[in-house]
Amino acid sequence: MSESTLTGRRVLAIVTNYGVEQDELVVPVDHLSDQGVDVTVAAQSSDPVQTLVGDKDPGRTVTPDTTFADVDAGDYDLLLVPGGTINADTLRLDEQAVGLVRAFAASGRPIAAICHGPWALVEAGVLGGVTLTSYPSLRTDVRNAGGEWRDQEVVTDDAGGFPLVTSRNPDDLPAFLPAVDKVLAAQVARS
């Protein structure tokens with residue numbers, strides 16, 4: 001672990017126990033942890049999280065640190081919402097997960113969502129006037145929720161009253177991760 005301006009910051013990643021896209025969870029968690037960030041993975045239950053590769057092939061199994069029910073959103077500096085079609089579709093139907101999204105947005109703390117992850121933000125009703133990207137199939141959902149959709153590898157916007165970093169898919173991780181770092185570092189500067 002290297003010492004960085006992010007050392008000691010706390011990030012909450014929310015996922016369901018089945019269907020999160022492996023690299024959209026594992027790569028950001030490893031990247032942030034390597035910079036001294038304390039990353040907590042919260043799932044619907046304490047059962048292992050079965051990741052998928054390409055929405056179909058089994059990936060790594062991840063042990064969650066906690067559950068949605070046992071998390072206090074106020075304890076974290078940034079919310080990470082990975083995608084995976086199954087994960088994101090289930091996540092947006094989970095009131096506790098959607099409540100966490102609303103809590104971060106209402107408090108002005110950053111949210112980072114990739115691929116299908118923005119579905120939770122659509123469900124939370126926090127995209128009015130916000131510019132973002134996602135997996136292209138969410139384009140209409142984003143627009144119907146009041147957001148402006150862009151086909152770019154990463155989009156950062158704070159028009160909703162909270163910093164939001166979004167990307168389209170795992171191929172965009174090289175652009176997504178530095179954008180997340182930048183938003184988290186700015187949050188550190190405000191603390």
Side-chain angles (χ1 to χ4, degrees), residues 11-32 39-44 48-62 64 68 76 78-94 96-102 104-105 110-127 130-145 147-157 160 162-181 183-184:
V11 169
L12 176 64
I14 57 172
V15 297
T16 58
N17 293 85
Y18 180 81
V20 65
E21 184 68 27
Q22 174 183 277
D23 286 354
E24 294 172 12
L25 174 62
V26 173
V27 172
V29 166
D30 289 349
H31 169 83
L32 291 165
V39 182
T40 299
V41 176
Q44 289 176 304
V49 172
Q50 178 60 63
T51 70
L52 296 178
V53 177
D55 274 339
K56 60 183 180 345
D57 298 321
R60 286 178 40 188
T61 300
V62 175
F68 301 156
Y76 298 90
L78 181 140
L79 178 66
L80 174 65
V81 187
T85 308
I86 297 168
N87 171 68
D89 193 39
T90 306
L91 199 63
R92 69 181 173 156
L93 296 175
D94 187 296
Q96 291 175 319
V98 173
L100 290 167
V101 171
R102 286 188 185 118
F104 272 84
I111 299 174
I114 186 167
C115 199
H116 289 80
W119 258 341
L121 284 78
V122 167
E123 192 65 33
V126 299
L127 294 182
V130 176
T131 301
L132 67 149
T133 192
S134 66
Y135 195 76
S137 66
L138 276 64
R139 174 179 41 235
T140 301
D141 294 334
V142 165
R143 289 180 179 149
N144 287 341
E148 177 75 27
W149 189 85
R150 296 277 187 255
D151 185 13
Q152 298 172 335
E153 65 182 357
V154 67
V155 175
T156 302
D157 189 14
F162 62 97
L164 176 63
V165 178
T166 53
S167 282
R168 299 171 298 191
N169 59 56
D171 293 340
D172 294 336
L173 284 166
F176 181 71
L177 296 175
V180 171
D181 292 349
V183 166
L184 187 55

If you measure from [atom1] on [X] to [atom2] on [Y], what distance do you get to the nearest 0.5 Å?
{"X": "Leu132", "Y": "Gln152", "atom1": "CG", "atom2": "CD", "answer": "10.5 Å"}
{"X": "Asn169", "Y": "Phe176", "atom1": "CG", "atom2": "CZ", "answer": "11.5 Å"}
{"X": "Ile111", "Y": "Leu12", "atom1": "CD1", "atom2": "CG", "answer": "10.5 Å"}
{"X": "Gln50", "Y": "Arg60", "atom1": "CD", "atom2": "CZ", "answer": "11.5 Å"}
{"X": "Glu153", "Y": "Thr166", "atom1": "CD", "atom2": "OG1", "answer": "11.5 Å"}
{"X": "Asn144", "Y": "Leu127", "atom1": "CG", "atom2": "CG", "answer": "11.5 Å"}

Flag side-chain contact, heavy atom, 4.5 Å: [X] against [Y]:
{"X": "Trp149", "Y": "Thr133", "value": "yes"}
{"X": "Pro28", "Y": "Leu173", "value": "yes"}
{"X": "Leu184", "Y": "Leu32", "value": "yes"}

Taking distance alone, no hydrogens or angles, what donor-acceptor pairs closer than 3.5 Å link side-chain atoms of residues 118-126 to residues at least two apart or in another chain?
from   : atom 1 : to     : atom 2 : distance (Å)
Trp119 : NE1    : Asp141 : OD2    : 2.7

Residue pair [X] / [Y]: nearest heavy atoms and the distance that separates them:
{"X": "Ser137", "Y": "His116", "answer": "OG-NE2, 3.6 Å"}
{"X": "Val49", "Y": "Ala43", "answer": "CG2-CB, 3.9 Å"}
{"X": "Ala179", "Y": "Val154", "answer": "CB-CG2, 3.7 Å"}
{"X": "Ala97", "Y": "Leu91", "answer": "CB-CD1, 3.6 Å"}

Tyr135 atom OH: more than 12 heavy-atom contacts under 6.0 Å: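 Check fails, neighbour count at 12 or below.
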Only one of Val15, Leu80, Val11 forms a side chain to side chain contact (heavy atoms under 4.5 Å, CB included) with Val41, so which one is it?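 Option passing the side chain to side chain contact (heavy atoms under 4.5 Å, CB included) with Val41: Val15.
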Per the side chain to side chain contact (heavy atoms under 4.5 Å, CB included) rule, which among Asp94, Thr40, Val81, Asn87 passes with Ile14?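 Output: one option passes, namely Val81.
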Looking at [Y], is its backbone amide N or carbonyl O close enough to the side chain of [X] to form a donor-acceptor pair, meaning the two atoms are under 3.5 Å apart?
{"X": "Asp157", "Y": "Val130", "answer": "no"}
{"X": "Gln44", "Y": "Thr16", "answer": "no"}
{"X": "Glu21", "Y": "Asp55", "answer": "yes"}
{"X": "Gln22", "Y": "Thr51", "answer": "no"}

How would you list, by chain and number, every residue that makes a salt bridge (Lys or Arg N to Asp or Glu O under 4.0 Å) with Asp57, sequence neighbours excluded?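 Partners of Asp57 under the salt bridge (Lys or Arg N to Asp or Glu O under 4.0 Å) test: none.
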Working for side chain to side chain contact (heavy atoms under 4.5 Å, CB included), residues Val101 and Leu79: CA-CA 8 Å; Val101 171; Leu79 178 66; 3.9 Å; yes
